[in-house]
Amino acid sequence: MIPTKFEYAKPSSLDEAFALLAEHGPDAKLLAGGHSLIPMMKLRLAEPEMLIDLAGIPGLTGITVRDGRVSIGAMTKHATLAASEELRQHAPVLFEAANALGDPQVRNRGTIGGALANGDPGCDYAAVMLALDATFTVAGKGGTREEAASSFMVGMFETTLSPEEVLVGVSFAAAPASAYVKYAHPASGYPLVGAAVVLSMNGDAISEARVGVTGVGDHAFRAGSVEKALAGVRPSDRTALEGACAGSAAGVDVRSEPAAGAGYRSAMCDVYVSRAVLAATRG
Ligand SMILES: Cc1cc2nc3c(=O)[nH]c(=O)nc-3n(C[C@H](O)[C@H](O)[C@H](O)COP(=O)(O)OP(=O)(O)OC[C@H]3O[C@@H](n4cnc5c(N)ncnc54)[C@H](O)[C@@H]3O)c2cc1C
């Protein structure tokens, strides 16, 4: 399929990008890695008249670890995250998600900012950002605002980003006891269930857990009841662990499709959450 005709601009600053967004209004779309947007354009599900490429704007890429906090520019590619020794050490949950995402071609073009801004219900990073309790930095013509991952994702392909805003980066506290495990769709590779877990331990018992889940509902969610139930659990006690992880998708309108009906997906959600907890304790 061939997209409809469009213009292309490559601004060299955020201000230039904001001016282009203001000039073209709803006819403009930001372009990052193009690995969600271009397929949508080819299918004519998106028909922007102006593409504003973020690749020429300095300062939007890279991973920084300072004072126990990790910051990542929105235009940082999946492949960079997947190869980062710093992430492997300070946030294995994100390192593992980047390695589990797509294929080498997707990882070499797609960006973390594009993936999060797109709001796909199967975005691997969405669960990870929730478990990391990440903060998103969003820039607009009027200045910069910060938003918690928990309020950023609001529905299927829906975030709180306005069309005039640019997601410039994400940041979070280092989380060495963390893990991401994914039950991938056999054809697309997107998660049927993706579970991200960040733990604090008191000896061999969990003192605090944050659990993010993607692929299951219309957007990623925190499994709050599981988080509460995990407090005090020794992961080596399989019965207690599985008991705490039961009902992880309770209250969620679980998606159903030929590869995974709602009942099966809910059951797999419990299994993958408990596997992620175990993986995080081994870190
Ligand atoms: C074959 C294939 C397999 C894939 N498998 C997976 C998978 O297993 N798991 C997974 O999570 N993803 C998967 N993806 C999606 C992949 O992660 C994409 O890279 C990602 O969804 C979009 O990132 P991008 O940089 O390509 O953004 P684009 O496609 O360029 O943009 C996506 C959307 O976000 C907007 N946007 C982009 N950047 C910004 C920004 N900084 N600020 C504001 N808005 C912005 C664009 O306007 C557009 O609407 C797959 C994609 C393909 C093609």
Side-chain angles (χ1 to χ4, degrees), residues 3 6 8-11 14 17-18 20-21 24 26-43 45-57 59-61 72-82 94 96-129 136-140 144-145 147 152-153 156-170 180-194 196 212-215 219-220 259:
F6 60 88
Y8 171 86
K10 194 172 179 183
L14 277 174
F18 298 143
L20 284 161
L21 284 169
H24 295 276
D27 296 329
K29 269 275 185 202
L30 296 170
L31 176 70
H35 266 59
S36 289
L37 182 55
I38 303 292
M40 298 277 277
M41 289 169 64
K42 286 182 169 176
L43 293 167
L45 295 170
E47 298 182 319
E49 289 173 13
M50 165 58 80
L51 279 193
I52 303 168
D53 192 344
L54 296 172
I57 301 175
L60 294 182
T61 57
I72 301 173
M75 287 294 283
T76 309
K77 291 186 172 140
H78 309 314
T80 306
L81 306 179
L94 181 54
E96 288 162 11
N99 277 283
L101 186 155
D103 53 34
Q105 188 179 0
V106 174
R107 291 197 288 275
N108 278 303
R109 292 295 310 171
T111 66
I112 183 169
L116 290 166
N118 197 41
D120 193 299
C123 173
D124 287 300
Y125 295 146
V128 173
M129 293 297 123
F136 292 7
T137 305
V138 176
T144 299
R145 65 181 177 88
E147 175 152 14
F152 181 84
M153 299 164 236
M156 193 173 277
F157 294 105
E158 208 187 335
T159 71
T160 56
L161 274 179
S162 85
E164 297 83 34
E165 289 182 316
V166 177
L167 175 62
V168 293
V170 301
Y180 182 72
V181 295
K182 167 175 174 176
Y183 178 11
H185 186 291
S188 74
Y190 276 87
L192 293 170
V193 178
V213 174
T214 189
H219 65 293

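Both ligands and their constituent atoms are indexed starting at 1 by order of listing.
In this structure, Thr160 OG1 and Met153 CE are separated by 9.5 Å, a value rounded to the nearest 0.5 Å. Separating the CD atom in Glu49 from the CG atom in Asp27 is a distance of 4.0 Å, to the nearest 0.5 Å.
Contact check for Leu30 versus Leu167: no side-chain heavy atoms found under the 4.5 Å cut-off. At least one side-chain heavy atom of Met129 sits under 4.5 Å from a side-chain heavy atom of Phe136. The closest side-chain heavy-atom distance from Leu116 to Thr159 is not below 4.5 Å.
Protein residues having at least one heavy atom under 4.0 Å from any atom of ligand 1 are Lys29, Leu30, Leu31, Ala32, Gly33, Gly34, His35, Ser36, Leu37, Leu54, Ala74, His78, Leu101, Gly102, Val106, Gly110, Thr111, Gly114, Ala115, Ala117, Asn118, Gly122, Cys123, Asp124, Leu161, Glu165, Val166, Leu167, Lys182, Gly189, Tyr190, listed by chain and number.
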Which side-chain N or O atoms in residues 119-126 pair as donor and acceptor under 3.5 Å with protein atoms at least two apart or in another chain?
| unit_1 | atom_1 | unit_2 | atom_2 | d |
| --- | --- | --- | --- | --- |
| Asp120 | OD1 | Gly122 | N | 2.7 |
| Asp124 | OD1 | Tyr180 | OH | 2.4 |
| Asp124 | OD1 | Lys182 | NZ | 3.4 |
| Asp124 | OD2 | Lys182 | NZ | 2.9 |
| Tyr125 | OH | His78 | ND1 | 2.9 |

